2 protein chains.
Amino acid sequence: MNRPRRAPTRETATDAGPPIKTTARRAAKQRAEVNVDGLTSVAGYLIRQAQLWVFEDFVETLAPLSLRPAQYSMLVVIRDNAGLSQMALAEVLGIGRSGIIPPLDYLESRGLLQRSPTSDRRTHALHLTAQGTKLLAEADKLVHQHEQRLMEKVGPRGYQQLLRVLAVFGTRS
Amino acid sequence: MNRPRRAPTRETATDAGPPIKTTARRAAKQRAEVNVDGLTSVAGYLIRQAQLWVFEDFVETLAPLSLRPAQYSMLVVIRDNAGLSQMALAEVLGIGRSGIIPPLDYLESRGLLQRSPTSDRRTHALHLTAQGTKLLAEADKLVHQHEQRLMEKVGPRGYQQLLRVLAVFGTRS
DNA sequence: AATGATTTGTTCATGTCAAGAACAATTACC
DNA sequence: GGTAATTGTTCTTGACATGAACAAATCATT
């Protein structure tokens with residue numbers, strides 16, 4: 001599709017006679033005055049926007065430890081369920097079993113967890129190392145700060161309502 | 001280490017085989033035993049899980065109209081802000097200005113919107129066509145059904161709390 | 001009016017990420 | 001015992017956001 005990069009000489013807009021605005025005002029107005037009421041009543045849109053904000057702050061929060069959000073969640077689940085299999089971890093996180101392998105490889109290469117053999121020689125038992133436990137404790141502090149920022153954003157009351165309402169999605173069933 | 005590496009040897013496809021019987025009893029059992037309390041207190045995790053549920057239902061909701069969620073949101077903003085530029089649309093949706101071009105091309109190719117020239121010949125004014133307006137009305141009905149399903153999931157009270165709390169993220173400023 | 005800077009739409013290269021197929025080793029089931 | 005299912009792994013594919021680079025047009029400053 002070799003379309004011209006930018007339609008060079010389109011037909012002129014002489015017939016429309018659009019309202020002429022000063023450019024300074026146009027830039028400001030177009031940014032500030034776009035009506036999004038049609039979207040703010042759709043919960044899916046709001047949840048997506050909230051997720052973008054939270055995710056961005058979460059990433060920055062854990063960046064000093066070189067941990068990605070998904071990796072943090074893996075460490076937490078492994079800490080609270082020492083010895084679980086990769087399959088169980090994948091299902092609980094809602095990821096395909098092939099999707100957790102790269103992050104697990106990464107975490108293992110950093111010495112934060114280990115894959116131990118079990119009686120069922122197909123599976124690996126996942127455990128945190130001492131180093132992993134220590135780093136996760138650090139991460140928990142940072143995550144707590146992140147939660148504080150979210151609480152400032154939505155208010156203490158809104159924060160608790162959020163946790164209560166969204167608890168339905170916490171357990172995948 | 002001494003663990004045998006199970007590396008597949010790429011070979012031609014064997015017979016696909018019959019449909020697999022779901023013996024996921026074990027998996028379901030193991031999943032039920034996994035403790036995820038360490039994550040359900042993190043709002044970011046809950047929001048992500050909620051977003052996954054909502055997004056999946058949203059996609060299925062709009063599938064009969066061959067509309068993706070992002071495309072629906074574009075149509076809504078264009079309807080409520082007829083004539084806005086691609087830059088303004090991109091900013092309001094939180095996407096890069098290069099990211100909206102493929103979906104806009106798609107929507108335009110379906111005859112749902114049109115890019116009209118303006119006095120500023122760099123910009124395009126986005127408008128819904130009659131067909132686009134009609135399809136969006138259909139989509140709105142389906143989205144309303146989607147919102148009903150979400151309300152059943154979190155309860156009427158939880159639904160309204162959700163909208164109220166997340167309203168903070170609705171306007172990007 | 002001239003000219004350099006900025007804006008807009010577009011293309012392209014890249015990186016990330018999830019989903020799924022295929023496969024080896026192992027175990028479960030009948 | 002033999003067939004089916006499970007687990008971990010690799011690889012391929014496709015969607016999608018990101019950012020650079022670029023042409024056309026407009027703005028800003030003199």
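Treat the numbers as computed from the prediction; the structure is a model and nothing was measured. Throughout, protein chains are lettered first and strands after them, A, B, ... in sequence-line order, and every chain is numbered starting at 1.
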Open item on the list: Let me confirm one number: the CD1-CD distance from A/Ile101 to A/Gln86, rounded to the nearest 0.5 Å.
Closed with: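 That separation rounds to 5.5 Å.
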Take atom [atom1] of [X] and atom [atom2] of [N], then tell me their distance rounded to the nearest Å.
X	N	atom1	atom2	answer
A/Ile101	C/dC23	CD1	C1'	13 Å
A/Leu104	D/dG8	CG	C1'	11 Å
A/Phe55	D/dC16	CZ	P	17 Å
A/Leu93	C/dA19	CG	C1'	16 Å
A/His124	C/dA25	NE2	C1'	10 Å
B/Leu126	C/dG9	CG	C1'	11 Å
B/Met74	D/dC16	CE	P	10 Å
A/Tyr106	D/dT9	OH	P	18 Å

Strictly below 4.0 Å: does [X] bring a side-chain N or O up to OP1 or OP2 of [N]?
X	N	answer
B/Arg115	C/dT10	yes
A/Arg122	D/dT9	no
A/Gln86	D/dT9	yes
B/Arg97	D/dG19	no

How far apart are the closest heavy atoms of B/Arg115 and B/Leu104, and which atoms are they?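 The pair with the smallest heavy-atom distance is NH2-C, 3.8 Å.
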**Study point:** Pairwise 5' ranking along DNA chain D for A/Arg48 and A/Ser98, keeping only the more 5' one
**Key:**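 Result of the comparison: A/Ser98.
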5'-most by nearest nucleotide on DNA chain D - B/Arg68 or A/Gly99 =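 Result: A/Gly99.
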Name the nucleic acid region contacted by A/Thr118, choosing base, sugar-phosphate or nothing; use a 4.0 angstrom heavy-atom cut-off, strictly under.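 Since no nucleic acid heavy atom lies under 4.0 Å of A/Thr118, the category is nothing.
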Any pair with a residue in residues 132-165 of chain B that passes ring-ring contact (aromatic ring centres under 6.0 Å, His included), sequence neighbours left out, goes on the list, sorted by first then second residue, please.
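For residues 132-165 of chain B, and leaving out neighbouring residues, the ring-ring contact (aromatic ring centres under 6.0 Å, His included) pairs sorted by first residue read B/Phe58-B/His146.
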Quiz item: Under the 3.5 Å rule, do the base of C/dT26 and the side chain of A/Arg121 count as making a donor-acceptor pair?
Solution: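 In this structure, the two groups form no donor-acceptor pair.
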**Asked** With a 4.5 Å heavy-atom cut-off, do B/Gln161 and A/Arg164 have their side chains touching?
**Response**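 Heavy-atom side-chain distance check passes, below 4.5 Å.
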Can you give each donor-acceptor pair under 3.5 Å made by side-chain atoms of residues 136-143 of chain B, sequence neighbours left out, with the distance rounded to 0.1 Å?
from: B/Asp140; atom 1: OD1; to: B/Tyr72; atom 2: OH; distance (Å): 2.7
from: B/Asp140; atom 1: OD2; to: B/Arg79; atom 2: NH1; distance (Å): 2.9

